[in-house]
Number of protein chains: 2
Amino acid sequence: MKSDGPCKDCSRINEVLSRVGDRWSVLIVISLGNYGTLRFNELKRNLGISQRMLSLTLRELERDGMVNREYHPTIPPKVEYSLTPLGESIRGPLREIGDWALNNLPAIDEARARYDAQSGLDRESA
Amino acid sequence: MKSDGPCKDCSRINEVLSRVGDRWSVLIVISLGNYGTLRFNELKRNLGISQRMLSLTLRELERDGMVNREYHPTIPPKVEYSLTPLGESIRGPLREIGDWALNNLPAIDEARARYDAQSGLDRESA
DNA sequence: CAGGATCCAGCGCGATACTG
DNA sequence: CAGTATCGCGCTGGATCCTG
């Protein structure tokens with residue numbers, strides 16, 4: 001159940017991936033990276049995320065030191081989110097994946113089409 | 001719901017992340033990358049994955065053209081999995097993330113400790 | 001406007017049992 | 001050994017309502 005066996009790093013990598021791989025975390029980081037600073041509802045609208053998930057994810061990201069939360073006690077309240085240096089630092093690796101994705105999605109789609117076409121008929125015959 | 005709003009690439013990036021971000025997909029790719037070729041139960045043991053998830057994930061990865069499946073109709077049967085060129089090509093970006101993780105996990109843990117310490121007491125005062 | 005609280009549906013995923 | 005089929009629970013995450 002937790003026996004990542006011989007692959008010790010796996011657990012740590014896993015840890016990070018459960019954050020980095022989380023669609024909302026990634027999208028938020030990307031958005032904040034592009035826009036610099038965004039307010040709660042701006043993020044909400046931009047990403048089409050429910051405010052529950054936005055709230056939860058932002059708190060997690062803040063907790064992890066990835067985003068800054070600036071609270072302005074005005075009326076109405078105004079909260080601005082932006083990336084911390086740590087948050088900035090992950091943009092590179094993230095972009096790598098993004099680029100790979102954009103470059104290889106066609107290949108993937110193609111592979112899928114091929115796979116689906118013969119839909120597992122003669123797997124062993126050949 | 002589906003309104004990724006202005007962020008058109010987001011949906012595609014999301015697509016890839018739901019695969020790349022999937023813990024099992026990643027671990028399988030990493031394992032196959034390290035060992036070259038592995039059999040079903042070898043992967044199962046190495047990763048501590050249930051055979052259900054392993055089966056499902058492998059099929060997805062095969063469908064996406066990321067892994068090769070070589071079936072040997074011997075008795076007992078023997079199936080060998082390995083990375084395709086496409087699968088190989090994602091190892092780089094993946095390693096980027098992994099490296100980032102290993103380098104920054106301490107910073108994250110630290111940030112968390114700090115966050116948890118003041119556990120959201122004076123959020124606006126200070 | 002920013003977000004907490006609640007409720008609830010869906011499916012992710014593990015455990016188990018069976019097959020070729 | 002390499003899977004498939006089934007069941008069941010827990011967590012994810014959206015919808016909704018409410019507050020400061």
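Being a predicted model, the structure only gives us computed values, none of them experimental.
Panel note: side chain A/D22, backbone A/S25; a donor-acceptor pair is recorded below 3.5 Å. A donor-acceptor pair is defined here as one N or O able to donate and one able to accept, closer than 3.5 Å; such a pair exists between the side chain of B/T84 and the backbone of B/M66.
Here the side chain of B/S55 is nearest to one of C/dC13, C/dG3, D/dG3, namely D/dG3. Distances from the side chain of B/N41 to the nucleotides C/dC13, D/dC1, C/dA2 place D/dC1 closest. With C/dA15, D/dA2, D/dG14 as the candidates, the nucleotide lying closest to the side chain of B/V79 is D/dA2.
Taking only side-chain nitrogens and oxygens, B/R52 never comes nearer than 4.0 Å to OP1 or OP2 of C/dC11. Residue B/T74 places none of its side-chain N or O atoms closer than 4.0 Å to OP1 or OP2 of D/dC1. When the side-chain nitrogen and oxygen atoms of B/R59 are compared with OP1 and OP2 of D/dT4, one or more of them lie within a distance under 4.0 Å. Using a 4.0 Å cut-off, some side-chain N or O of A/R39 falls inside it from OP1 or OP2 of C/dA2. Dashed line: the shortest gap from a side-chain N or O of B/Y81 to OP1 or OP2 of D/dG3 is under 4.0 Å.
Following rounding to the nearest Å, A/R23 (CZ) and C/dG12 (P) show an atom-to-atom distance of 12 Å. One can place CG of B/L58 at 7 Å from P of D/dG3, the figure rounded to the nearest angstrom. One atom, CZ of B/R69, and another, C1' of D/dA2, lie 8 Å apart when rounded to the nearest Å. Residue B/M53 contributes atom CE, which lies 7 Å from atom C1' of C/dG12 at whole-angstrom precision. The nearest whole Å value for the distance from the CD1 atom in A/I49 to the P atom in C/dA2 is 14 Å. Whole-Å rounding puts the B/F40 CZ to C/dG20 P distance at 17 Å. The interatomic distance linking A/E60 (CD) with D/dG13 (C1') rounds to 14 Å, in whole Å. In this structure, B/L38 places its CG atom 13 Å from P of D/dG3, rounding to the nearest Å.
B/E80 pairs by the side-chain hydrogen bond (donor to acceptor under 3.5 Å, both in side chains) definition with B/H72, not counting sequence neighbours. Qualifying side-chain hydrogen bond (donor to acceptor under 3.5 Å, both in side chains) partners for A/E42, counting only residues two or more places apart in sequence or in other chains: none. Under the side-chain hydrogen bond (donor to acceptor under 3.5 Å, both in side chains) criterion, B/S89 pairs with A/W100, sequence neighbours left out. Listed by chain and number, the residues in a side chain to side chain contact (heavy atoms under 4.5 Å, CB included) with A/R63 are A/E60, B/R112, B/Y115, B/D116 (sequence neighbours excluded). Here A/Q51 pairs with A/F40, A/K44 under the side chain to side chain contact (heavy atoms under 4.5 Å, CB included) rule; sequence neighbours left out. Annotation: side chain to side chain contact (heavy atoms under 4.5 Å, CB included) contacts of B/R91 (sequence neighbours excluded): B/V29, B/N34, B/L83, B/E88, B/R95.
Distance CD1/B/I28 to CZ/B/R23: 11.0 Å, rounded to 0.5 Å.
Rounded to 10°, the angle separating the first-five-pair axis and the last-five-pair axis of the helix from C/dC1-D/dG20 to C/dG20-D/dC1 equals 40°.
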Polar-atom pairs under 3.5 Å, protein N or O versus N or O of nucleotides 18-20 of chain D: list them with distances, or write none.
none

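Take the nearest nucleotide of DNA chain D for A/L56 and for B/K78: the residue whose nucleotide is more 5' is B/K78. Nearer to the 5' terminus of DNA chain C, by closest-nucleotide assignment, is the contact made by A/E80 (compared with the other of A/E80 and B/S50).
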Output, in order, the C-alpha distance, side-chain angles, deciding distance and verdict of side chain to side chain contact (heavy atoms under 4.5 Å, CB included) for B/L54 and B/W24. CA-CA 8 Å; B/L54 180 55; B/W24 295 128; over 6 Å; no
